[in-house]
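These figures come from a predicted structure and were not determined experimentally.
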Amino acid sequence: MSYERPIASHRAPTPSRKKDDGKIGRRSALRLAGTGGLLAAGGGALGAYAERTFGGGGDMANAAAVADLNFAGGKTAADLTVPSIPPSGRRPKYRRATWSEQFQGKHGWSIGGSGTASSERYDTERFIRGTQSLRVTTAGNGKQSYVRKTGLDPQNLTGKMIRLIFRVDDTAKLSKLVFYLGSQGLANNFVWQYHIHSAKAANYVQSGEWVTVHLQWSDVRGAAGAFSVSRDGVPSTTTGFTDMSFAAYDSGGGPVTYNLQAIEAVPDTSAVFPKGVVSITFDDSHHSVHGLGRPTMDAYGFPGTIYNIADAIGTNGFLTIDQMRSMQNFSGWEMAGHAYANDAHTASYEKLSAEQVDDDLRKLREWLVSNGFTSEHFAYPHGSFQKTTDGVPVDLLASRHFTTARSIISETIESFAPAMPYRLKSLTGITDGEGVGGTQLDQLTGVGGRLDRCAKNGDWLILCLHRITDGPPKSSTEISREGLAALMKEIDDRGMPVVTVEEAMTYYR
């Protein structure tokens, strides 16, 4: 089933409802959020998020990934305290597709590749839309497995991005995911390599969850045939596409099963931000952001977002409350949340129980509001949003208290609206230090770097920095004052607007 129609006439498909089979259902997810808090938030951030992530209509069983929300010590979801200050729900509106393939009925897409062992074109057991999805199991040999369609009506994707909705049952043996868009049987193509799986770091694609990914023109990593990408990151064409291919590669250590639910075209950010847009964020509340960073950014009128650790405020080397208020009230900075307790930040949330994480998030939100900081935005300690020690996804808990949560995943640039607001992507480790690792500054500022790609294609680039130094940086979490000044100048020279994360979330309400 596919369609092409104006945005105004499109209605999102209504998820079907199937038997719960004893696994957690929407009601349990609502109990986790706390119904009082959800109603106060105007519609239930967690209920909607849980249903969108773990599945409605036939796939709420995926929420078994939450271990039925039974925590250590025999506690359940109902034992969590209802958030005293739930998020307001001020999230961007869902982007309506202008073209969509949802793999319903006799959809006609082919499945193949030497990396495919078996498939089911019409899987009625696991789906998030309609009554079915498409399922494939790889061969475990590390070779390409694909879902493909050629000979489509020519697609004009100028000012649009691709939206993918899919799930992978067990990511432990997943290597990478790739998407091809082209013509003439894919002889001409652009390629996005949008996920490389890590055995250690937090992964955007996690086991047993429905995932949404946006593919923007800035993230094209290769071209073949008559197609090309310019030195500064501009594709040779954005129209006339007749072929699409969703490809998966296992690690060679065993098979992987994936379900594909939708491939869609949705409007991108370029109409609102034709030169792209940047959010400059700082983690951990370091004093140098006020003493060195703020004056540098004030010179350009650029605001920043600081993700704060409440316990650190007022201690040696960190911001004070008065400095935070001054930056917010006189320079337009956003004071967001990173952790309440230093110990929770040091440990990372996946090393804590769900109750401990939820308690830290609640205290953090209360601390921000009680001190006059209205931001509803959050960044995971160390970028980690995997599951807690008792099996609850950290991003599910974050959605009880905050409107967005930022990671440090940077496989692709972020988009408006975000594909998954509780997994915002950002580029971290930005430094001008020598031999310290991280992301060297010229990878942003050089020709064809992240700034060029964002500016030329109208996307949203979130940068994550930490400490600013007067001398040479000694680690990847440091950038010199001169390096920061050079970065601000490069952004300004390209005419790119700078907005806080809070401001970014207001554009598509």
Novice: Are any non-hydrogen side-chain atoms of I85 and E366 less than 4.5 angstrom apart?
Specialist: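 Sidechains of E366 and I85: in contact.
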
Novice: Just by distance, with hydrogens left out, do Q144 and Y249 show a side-chain donor and acceptor under 3.5 Å apart?
Specialist: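 A pair is found: one side chain offers a donor N or O, the other an acceptor, under 3.5 Å apart.
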
Novice: Any side-chain heavy atom of P393 sitting closer than 4.5 Å to one from E209?
Specialist: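 Result yes, sub-4.5 Å side-chain heavy-atom pair found.
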
Novice: Mark yes or no for whether S480, through its side chain, and G483, through its backbone, hold a donor-acceptor pair below 3.5 Å.
Specialist: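 At least one qualifying donor-acceptor pair exists.
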
Novice: Could you tell me which residues satisfy side chain to side chain donor-acceptor pair (under 3.5 Å) with W460, sequence neighbours excluded, listed by chain and number?
Specialist: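 Expected list: S279.
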
Novice: Testing the 3.5 Å rule here: is there a donor-acceptor pair between the side chains of H401 and D358?
Specialist: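 A donor-acceptor contact under 3.5 Å links the two side chains.
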
Novice: So, N156 side chain and T158 main chain: donor-acceptor pair closer than 3.5 Å or not?
Specialist: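 Here the side-chain-to-backbone pair exists.
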
Novice: Quick check: closest heavy atoms across A202 and S384, and the distance to 0.1 Å?
Specialist: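 That closest heavy-atom pairing would be CB-CA, 4.1 Å.
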
Novice: Any side-chain donor-acceptor pair under 3.5 Å between Y349 and D360?
Specialist: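 Per modelled atom types, Y349 and D360 side chains form a pair under 3.5 Å.
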
Novice: So if I apply the side-chain contact (heavy atoms from CB on, under 4.5 Å) rule between T439 and each of T428, L463, T431, L444, which one comes out positive?
Specialist: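 Testing each of T428, L463, T431, L444 against T439, the sole residue satisfying side-chain contact (heavy atoms from CB on, under 4.5 Å) is L444.
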
Novice: Between Q216 (side chain) and E414 (backbone), is there a donor-acceptor pair under 3.5 Å?
Specialist: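 Pair found, side chain donor or acceptor close to backbone of E414.
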
Novice: Any side-chain to backbone donor/acceptor pair from N457 onto R453? Under 3.5 Å, distance only.
Specialist: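 Looks like yes, one N/O pair under 3.5 Å.
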
Novice: Determine, for Y300 and K489, whether the Lys NZ or Arg CZ falls below 6.0 Å from the six-membered ring centre while staying within 45 degrees of the axis.
Specialist: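 Cation-pi check for K489 and Y300: fails.
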
Novice: Please identify each residue that fulfils salt bridge (Lys or Arg N to Asp or Glu O under 4.0 Å) with D322, with sequence neighbours left out.
Specialist: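 D322: no salt bridge (Lys or Arg N to Asp or Glu O under 4.0 Å) contacts found.
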
Novice: Scan R365, E334, E502 and name whichever one has a side chain to side chain donor-acceptor pair (under 3.5 Å) with S375.
Specialist: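 Result: among R365, E334, E502, E334 is the only option passing the side chain to side chain donor-acceptor pair (under 3.5 Å) with S375.
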
Novice: Does the plane of the ring in F227 sit parallel, tilted or perpendicular to the ring in F241? Use 30° and 60° as the thresholds.
Specialist: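 Rings of F227 and F241: perpendicular, as their planes differ by over 60°.
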
Novice: Can you confirm whether the side chains of R467 and S475 place a donor and an acceptor under 3.5 Å from each other?
Specialist: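 No - no donor-acceptor pair under 3.5 Å links their side chains.
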
Novice: At their closest point, which heavy atom of I468 faces which heavy atom of S288, and how far apart are they?
Specialist: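 Reported closest heavy-atom pair: N-OG, 2.9 Å.
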
Novice: May I ask you to check whether K425 and T412 show a side-chain donor-acceptor distance below 3.5 Å?
Specialist: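 Yes, a side-chain donor-acceptor pair sits under 3.5 Å.
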
Novice: Hey, are N203 and S198 close enough side-chain-wise for a donor-acceptor pair under 3.5 Å?
Specialist: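 Side-chain D/A pair, S198 to N203: absent.
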
Novice: Just checking, any donor-acceptor pair under 3.5 angstrom between side chains of D298 and S331?
Specialist: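 Per modelled atom types, D298 and S331 side chains form a pair under 3.5 Å.
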
Novice: Between F402 and Y422 (judged by ring centroids, cut-off 6.0 Å), do the two rings come close enough to count as a pair?
Specialist: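 Ring centroids of F402 and Y422 are no less than 6.0 Å from each other.
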
Novice: Do the side chain of N371 and the main chain of W367 share a donor and acceptor less than 3.5 angstrom apart?
Specialist: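 Yes; judged by distance alone, with no hydrogens or angles, the pair exists.
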
Novice: Determine whether the side chains of S175 and D250 contain a donor N or O and an acceptor N or O closer than 3.5 Å.
Specialist: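 On atom types as modelled, these side chains do not qualify, holding no pair under 3.5 Å.
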
Novice: Under a 3.5 Å cutoff, is there a donor and acceptor pairing between the side chains of H338 and H345?
Specialist: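 Yes, because at least one side-chain N or O of H338 sits under 3.5 Å from a partner of the opposite role on H345.
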
Novice: Can you name the nearest heavy-atom pair linking Y258 to A248, along with the distance?
Specialist: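 Heavy-atom minimum between the residues: CE2-CB, 3.6 Å.
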
Novice: Can you confirm whether W217 sits close enough to V234 that some side-chain heavy atom of one is under 4.5 Å from a side-chain heavy atom of the other?
Specialist: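 No, their side chains stay 4.5 Å or more apart.
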
Novice: Does a side chain donor of either T403 or E376 reach within less than 3.5 Å of an acceptor in the other side chain?
Specialist: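 There is such a pair (donor and acceptor under 3.5 Å, judged by atom type) between the side chains of T403 and E376.
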
Novice: Checking S285 against N308: is there a side-chain donor and acceptor pair closer than 3.5 Å?
Specialist: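 Looking only at side-chain atoms, S285 and N308 do form a donor-acceptor pair, the distance falling under 3.5 Å.
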
Novice: Is it the case that the ring center of Y180 lies less than 6.0 angstrom away from the ring center of W192?
Specialist: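 No: the rings miss the under 6.0 Å criterion.
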
Novice: Give me the atom names and distance for the closest heavy-atom approach of G433 to Q440.
Specialist: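 Taking G433 first and Q440 second, the nearest heavy atoms are O-NE2, 2.9 Å.
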
Novice: Any side-chain donor-acceptor pair under 3.5 Å between T506 and E503?
Specialist: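 Side-chain D/A pair, T506 to E503: absent.
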
Novice: Angle class for the F246/Y194 ring planes (parallel below 30°, perpendicular above 60°, tilted otherwise)?
Specialist: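 Taking Y194 first and then F246, their aromatic rings sit tilted (interplane angle of 30° to 60°).
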
Novice: Determine whether the side chains of H466 and T477 contain a donor N or O and an acceptor N or O closer than 3.5 Å.
Specialist: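 Their side chains do not contain a donor-acceptor pair, so the 3.5 Å distance test is not met.
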
Novice: Would you tell me whether T281 and T305 have side-chain atoms, one donor and one acceptor, within less than 3.5 Å of each other?
Specialist: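 The criterion, which ignores hydrogens and geometry beyond distance, is not satisfied for T305 and T281.
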
